[in-house]
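Down below is the structure, laid out as structure tokens.
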Amino acid sequence: QVQLVESGGGLVQAGGSLRLSCAASGRSFSRYAMGWFRQAPGKEREFVAAIASTGGSTRYADSVKGRFTISRDNAVNTVYLQMNSLKPEDTAVYYCAADSSPNLSPSSLRWRYAYWGQGTQVTVSS
């Protein structure tokens, strides 16, 4: 069983920055792509960013491209989401997710991800 624990959320003013972390345990973290998704009140969960198992390939939603950066440290089984130039529309619960199969390219598809964290709230004030 895979466990994912997010941290780093909080309240920030527009234009500010936050760094989310997701600590993974339970299987060979370095073999699986990881992703970040978010869900705002009344909206569906949407893709934010994903990273390949080795960190060599990434994918971003158009809405965050150029502002957010996904990275990972396989030595400590952690994936990060650096969020800069935050906007009020970035307000959401952010979820970390682990791919269902090893060594696949990073995906924006929710069904590809078999394991999810509990989420961390990010609130951006205007």
Side-chain angles (χ1 to χ4, degrees):
Q1 186 72 10
V2 176
Q3 292 185 331
L4 303 172
V5 180
E6 302 99 332
S7 61
L11 173 64
V12 63
Q13 288 188 332
S17 299
L18 281 175
R19 188 195 197 202
L20 305 183
S21 299
C22 173
S25 63
R27 68 176 183 184
S28 300
F29 175 79
S30 63
R31 297 179 62 207
Y32 293 84
M34 299 291 294
W36 284 97
F37 289 75
R38 66 187 181 187
Q39 187 166 17
K43 295 187 176 182
E44 291 192 358
R45 193 170 299 188
E46 64 175 5
F47 169 74
V48 175
I51 188 167
S53 58
T54 62
S57 177
T58 57
R59 181 187 293 265
Y60 295 93
D62 288 343
S63 59
V64 307
K65 205 170 292 184
R67 300 187 298 123
F68 290 11
T69 302
I70 188 171
S71 62
R72 65 190 295 161
D73 186 344
N74 288 343
V76 293
N77 291 356
T78 302
V79 62
Y80 305 97
L81 185 68
Q82 177 67 43
M83 306 186 295
N84 299 330
S85 303
L86 282 161
K87 305 175 182 179
E89 51 264 44
D90 293 319
T91 295
V93 177
Y94 282 70
Y95 297 91
C96 171
D99 207 336
S100 56
S101 298
N103 302 319
L104 298 178
S105 298
S107 174
S108 62
L109 302 174
R110 284 176 56 184
W111 61 262
R112 270 275 302 274
Y113 295 87
Y115 302 97
W116 296 81
Q118 82 289 349
T120 185
Q121 176 70 45
V122 171
T123 303
V124 184
S125 63
S126 58

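- You'll find the side chain of Q82 reaches within 4.5 Å of the side chain of S17, heavy atoms only.
- With Y113 contributing its side chain and C96 its backbone, the two residues share no donor-acceptor pair below 3.5 Å.
- Formation of a donor-acceptor pair under 3.5 Å by the T120 side chain with backbone atoms of S7 is not found in this model.
- The backbone N or O of C22 lies less than 3.5 Å from no partner atom in the side chain of E6, so there is not a single donor-acceptor pair.
- A distance-only check finds a donor-acceptor pair linking the side chain of T78 to the backbone of V76 [under 3.5 Å].
- Closest heavy-atom contact between N77 and N74: OD1-O, 3.2 Å.
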Show your working on ring-ring contact (aromatic ring centres under 6.0 Å, His included) between F37 and W116 and close with a plain yes or no.
CA-CA 10 Å; F37 289 75; W116 296 81; 5.0 Å; yes

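- Screening residues 22-31 for side chain to side chain donor-acceptor pair (under 3.5 Å) gives no qualifying pairs among residues at least two apart or on separate chains.
- Residues passing the side chain to side chain contact (heavy atoms under 4.5 Å, CB included) test with A40, sequence neighbours excluded: K43, A92.
- Between K65 and D62 a salt bridge is recorded (basic side-chain N to carboxylate O distance below 4.0 Å).
- Residues T69 and L81 have side chains not in contact (no heavy-atom distance under 4.5 Å, counting atoms from C-beta outward).
- Side chains of R45 and R110 form a contact here, defined as non-hydrogen atoms less than 4.5 Å apart.
- Between V122 and L20, some side-chain heavy-atom pair lies under the 4.5 Å cut-off.
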Applying side chain to side chain contact (heavy atoms under 4.5 Å, CB included) to R112 and L104, what does each step give before you reach the verdict?
CA-CA 10 Å; R112 270 275 302 274; L104 298 178; 3.3 Å; yes

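- In this structure, R72 contributes its side chain and G55 its backbone to no donor-acceptor pair below 3.5 Å.
- Here the OG atom belonging to S85 is positioned 7.0 Å from the CZ atom belonging to R67, to the nearest 0.5 angstrom.
- Nearest heavy-atom pair across Y60 and I70 is OH-N, 2.9 Å.
- Following chains of ILVMFWY side-chain contacts shorter than 4.5 Å, one cannot reach M83 starting from V93, and the two form parts of different hydrophobic clusters.
- Shortest non-hydrogen contact noted between L86 and L18 is CD1-N, 3.9 Å.
- Counting heavy atoms from C-beta outward, N84 and F68 have side chains that stay 4.5 Å or more apart.
- The 12-atom threshold is not exceeded at CD of Q3, counting heavy atoms of other residues, nucleotides or ligands nearer than 6.0 Å.
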Stepwise, does the side chain to side chain contact (heavy atoms under 4.5 Å, CB included) test hold for R38 with E46?
CA-CA 5 Å; R38 66 187 181 187; E46 64 175 5; 2.6 Å; yes

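- In this structure, a donor-acceptor pair under 3.5 Å is present between the side chains of Q121 and T123.
- You'll find the side chain of Y32 stays beyond 4.5 Å of the side chain of S53, heavy atoms only.
- No continuous path of hydrophobic side-chain contacts links F29 to Y95 [ILVMFWY only; heavy atoms under 4.5 Å].
- A distance-only check finds a donor-acceptor pair linking the side chain of R59 to the backbone of P106 [under 3.5 Å].
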